[in-house]
Every structure is written in structure tokens, then in C-alpha cells.
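Every chain is numbered from 1, with letters handed out A, B, ... down the list of sequences. Keep in mind it's a predicted model, so treat the numbers as computed, not measured.
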Amino acid sequence: MSVQHGTTALLVLLLVWLLVDYVYFQNETRKLFAATQKIEKQKLDINAEWARLQIERSTLVANNRIEQVAREQLDMKLPEEEQIMVITR
Amino acid sequence: MRKSQHKPVNISLRIAIVMAFLLCCFVVVVVRAFSIQVRGAEFYQSQGEKRHVREVEIPVSRGSIYDRNGEPLALSTAMVSVGIVPGQLLDQFSKVEQLAEVLDLDADELKQIITSRKDKKFLYIKRRITPMLAESVQALNMEGVVFRTEFKRYYPAGEILANVVGFTDVDDVGQEGLERTYDNWLTGTSGKKTVVKDLLGQVVADIDVDELEAAKPGKDLHLSIDRRLQYAAYVELKKAVYQHQATSGSAVVLDVKTGEILAMVNQPSFNPNGNKETNDGLRNRSVTDIYEPGSVMKPFAVVAALESAEYTPQSVVNTSPGEYEVDGFVIHDFRDYGELSLVDILVKSSNIGVAKLVLGLGKEHLWDVYHRFGFGQSSGSGFMGESTGYLPHHSRWRTADHAALSRGYNLSVTTLQLAAAYGTFANQGRYRSPTFIKGNVNEDKAIIDPMIASQLTDMLSHVVNDTEGHKAFIPNYSVAGKTGTARIAENGGYSDNYISSFVGFSPVNSPRLVVAVSVNNPRGEDYYGGLVAAPVFSEIMKTGLRLLNVPADQLNRTLVDTSVQDAGVNDG
């Protein structure tokens, strides 16, 4: 075998390896892209969930609800003027 | 080798024919290639890309609005809007029926829309449905049904803040209130990016990593409003407006030190999460509605008198006999008060007293004082639709106008202007423009001598203290303020309808809060500011001082219990 034959064989091997490599990474890119898409979607879902929870929370802590619960369920009331004592030091 | 029996063949002719045929074919190919590659390149390229490369919009949400403690006041939640491409639905009417059922639409109507607008490329059939409902629509797996992410605005505080925060329209554009004022700040810019889609319409790759136009989400807005105080103020105002059968009312709470608007409430209001058909409640009356304020202007007339250096708070003015004619108009007092000091003029709210004070001064001076306190000008709050009120120029005053202006007629103000002006007394004579934004403190500027401001503060504290059972009284705290009861001008004259108001601040020695209350047209038995507006002031101020942990400065001695310390000593 001459040197020329050897070089050709080497280049052909390199070419085949590069082609396989290309396909492999192309596939890898697609997979990673799909993963980012999924995470993006999750991010949207989590954001939506966060907004929902914020709304739910603000409904629960709404001042009129708190006042109602305090007055009716817990039987609380604002102290009368005479009931307030101020401790002076 | 055998010789041919046939005629000799003309080889060169055959070659020529074949060559000519091949040449023709070649020319046809070249021409066709030319027409596709060069002449039609653009068309084919775009057609190809249309099937692969798409520009997609990246939706962004509008910024949220929070109160000063981070409580949400306006939030955007992601919703799904459903649209259709009518042309693609013409041959699947059975599925259209299912679609209509899921979306709670009328099936026949939907079919009719599809047939009548079959040339339309896209139209919404239902906007802003919950993501859950959208999933059941997606489950129908219909061609020609398109989903887009849109945001729905939700206002957790509801009616208590509705006309201050305002609302957005169906396209997320601010229509009223702060939503409109700060629309640019709140609005995001939706981005665009180029992606490759496969045959099923799934995105398989981002082409342009840098994105054609980056998405910029809207920025959040942190208001100076304190939702707790806002609620308390709203409840009190609503109660008073209901109790006195008033047509409307407003109340404003300002932080003296920063000019921040801690609460701003109006009646009537509306539910910002429902449909907004009640036009009446949409306005933020505290800043848009102007009225002749009446007696609450008297302290500013007294400022003019004190600035002239001809008067001190103890100077005496004779108001007998309770009637006083100016330029053909007769000014009345409630009764004949006799000789009154400047302090008592404010305490008794003597119309004759202030008229006599200002008539001795130049018109220009009174105008200048009112002008310095911000009347007739925008308060600088930046609220869209804010009214400047009205203060006529002194060159147009007749003597009767001069006297009328001293007791708060012939000019119009907003409730916010009154609050900011009284804030000047509380802030050592320095006027500060109010703000709706937390921490966005406007520069204050000295507009009157601090000495006069403290004299006025003292005089105004007498207004509440010297009157037994004054409705603006707050236990354990000192209060300075002034009532107002003004007739409403109608059809060129004054009617029997009133605006009752009270403006004041507390504690007197180191003021923290200014509260201005105005109740429009109370139709019950009471209409005096002292009976209608002062109790509202008192309740709002009480809650405000408690929420801000302001130490009591006027402890009722009998309430001070020192026995806790004593008990320890005795037991030991």
C-alpha cells in the first residue's frame, strides 16, 4: 500500500466519523431543545400557579373577611376606651 | 465479418438529430431552472419557509400593582383565548357543536359565524378562559382552532380601591385611574422570535437565539396606599354616606412627612372585577371633583392676616351685630359673637371675622396665599384626569368676591388639594406635592413662615379642643382641624344642598397624618361638617394612628396605670 492509499483511507474514516458525529449532535440539540421547551412550559405553569395562589391568599386575608372572622367566629372586638390602659415608664 | 445488406446509413445525420433533440431538452431544462431559481426565487423561498420557519410572539404579562406592604392590588393571570380559522372548520360541523358546548356558546350562532365569515383568516370566539377549560378544548383536537395566551387582570382589593387603581380594557390597556396614569410603566412589550416548526406545528428549534425582539415584561408598581387603612377609611366613609343619605363622598389620608397618599376612598364605587356599567362610581372623586369648600378655607385667610403683621392670634375683631354688609351683600354669622380673637374666629368659624380680616388686606395678598397653598393648580400627584380646581385671578375680584373667597366661596378645590394644603401647616410651613408611589417623595418647599404655620397649628387645635364633644375628637391624641359646610352652587345661585367637610391632622406637636373628608349633599337631618364629616375624620385618624404605631400624646391621666410597677415594689 502506498502512502496515498493510506491517506485516502484515513480521510474517508474521518469523514464518516464527522458525519455520524453531526447526526448525533443534531439529535442531541433537538433533545435539549425539547427539554428547554418543557421547562419554559413549566415556568409558565408555575407563574400561573403563583398568580392564582396570590389571588387566593389575598382573598383569604381580605380585610372584611378578617374582620368578620375576628368578630363572629373568634368573638373579638376593639377594646372600649375605658379598657385601654397605658403603662408609663 | 458480414457486410450489411441494407442501404448505407447516414451516420452524421443521425448524430445531428439526436444532438438537436438533446439540445432542445437542455434548453427546456435551463429555461425552467431559470424561471424557478431566479424569477420565482422569492415566491418559492417564502412558500417553503412558510411551511417551516415561523415568527412567533412571546406574550408578556402586565406589571402587577402592590400596596406599600406588598399586598397585591392588581394582578395579571395567564388565560387562554380561543380563536378559529373559519375556512378550516366548514367541513367539521359535528365537532363545532362539541366546541360550542365546551365553551358554552350557541352552536347555531357559531356555525353561522363560520359560514358568513369563511374568508376571515382568524377571529376570536372566546377570550380569557381558564387554562383548565382550554385543555378540554385542546382535547377535541380540532384543526382550525387556535389558542393564544392572554392575561386577565384581577383586583383583589375590589371596590375599596376601584376608582383609584382603575382598570384595563379587553386588550390590557389602562382605561382609568392609576392603570391609565402608569400605563407605559405597567405595559410590557411582547417579543418575537423565529422558530422552526415540524409538520404537526410543534416547535422543533429556535433559529434566532437572540430573539428578533426581546420580550420585556411590564414593570411592577408599588403604591403608597396602605390597604389596611384604605379598608378602614372606605368602611367609615361608606357608612357615613349611607347614614346621611349623601350622594357621594371622598376621603384622603396623607403622610405628613413624605406626602405619600396612604388612603384615598370615594363613594360611590364599583366592582372592578365585574362589569363596569356604573359610570357614576368610576371617577376618583378625591382628585377629579371640584367644589366650593366653604369654611375649611378660613385658616388660609387667617394666614394672610398674620403675614400682614397687623394681627397676632390674640388680636380682636368685632363681629357684632352678626350681620355685615359688603358691597351690597350681607354676610351672616350663626349668631352675634361680639368681639372675637383670631383663634375664636376659627373656633366659631365666623364669616364676618374672616371677611373683616381680609378686606383690610390687598386682594392680591389673599390670592397669593391661596395660590401658594396650591389652589387652582394641579397638586402634582400626576394622577391622570386630576382637576386643578379654580381660583380666579385677583384682578377680577369685586369686593364681594374678596369677602366670599375668605370663607371659601368663589373658588373650587379638590379633596386632595385640601389635604395637601393642610399638610403644609403640619409640615412647618413647607408644601409637599402628594404622591401615589411608595418612596417617590416630592421635594417640599417653604411657602409660609414656620412661625405662622405653628401658630395656625395651635389655633386649629383649639377648634377641636375648645368645643365640648367635638366629633373630630380622638381619645389620647391631640387633633388640629377645621370643619366646613358649604352650600352647593346650582343654576347660578346657591341651593339648599351642602358639602360637609373636615380637614385636620394629628398629633398636634409632631403631626403624622393629614385626613381630609368631604361628604356631598347629605340629605338626612344633619348636614353640618362637624356632624357629618368630623366623625368620619375621627374614625379614620384613630385607625391610622393605631396602624402606624404613633405614640399617644394626650393621655387622659385617669387612664395611665402605674400600678404595674408599684405592684412589683409592694410585693417585694
Heavy-atom pair of closest approach, residues A/Leu60 and A/Ile66 =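 Smallest heavy-atom distance, with atoms named: O-CG1, 4.3 Å.
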
In plain terms, say whether B/Lys239 and B/Glu539 are close enough for a salt bridge, that is, a side-chain N and a carboxylate O under 4.0 Å apart.
->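 The answer is no: the pair does not qualify as a salt bridge.
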
Quick one: do A/Lys77 and A/Glu67 make a salt bridge, cutoff under 4.0 Å?
->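 Result for this pair is no, no salt bridge flagged.
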
Engaged part of B/Thr149 at the chain A interface, taking heavy atoms whose separation is under 4.5 Å =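 When you check distances to chain A, no heavy atom of B/Thr149 falls under 4.5 Å.
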
Examine whether an atom of A/Leu78 lies under 4.5 Å from a heavy atom of chain B, and if so say whether it belongs to the side chain, the backbone or both; otherwise answer neither.
->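 Side chain only.
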
Report the option among A/Asp45, A/Asn64, A/Thr36, A/Asn47 that has the most heavy-atom pairs separated by less than 4.5 Å from atoms of chain B.
->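 Looking at each of A/Asp45, A/Asn64, A/Thr36, A/Asn47 in turn, A/Asn64 comes out on top.
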
Take A/Arg57 and B/Glu71 through the test salt bridge (Lys or Arg N to Asp or Glu O under 4.0 Å) and record every step on the way to the result.
-> CA-CA 10 Å; A/Arg57 180 184 164 280; B/Glu71 289 293 333; 3.1 Å; yes

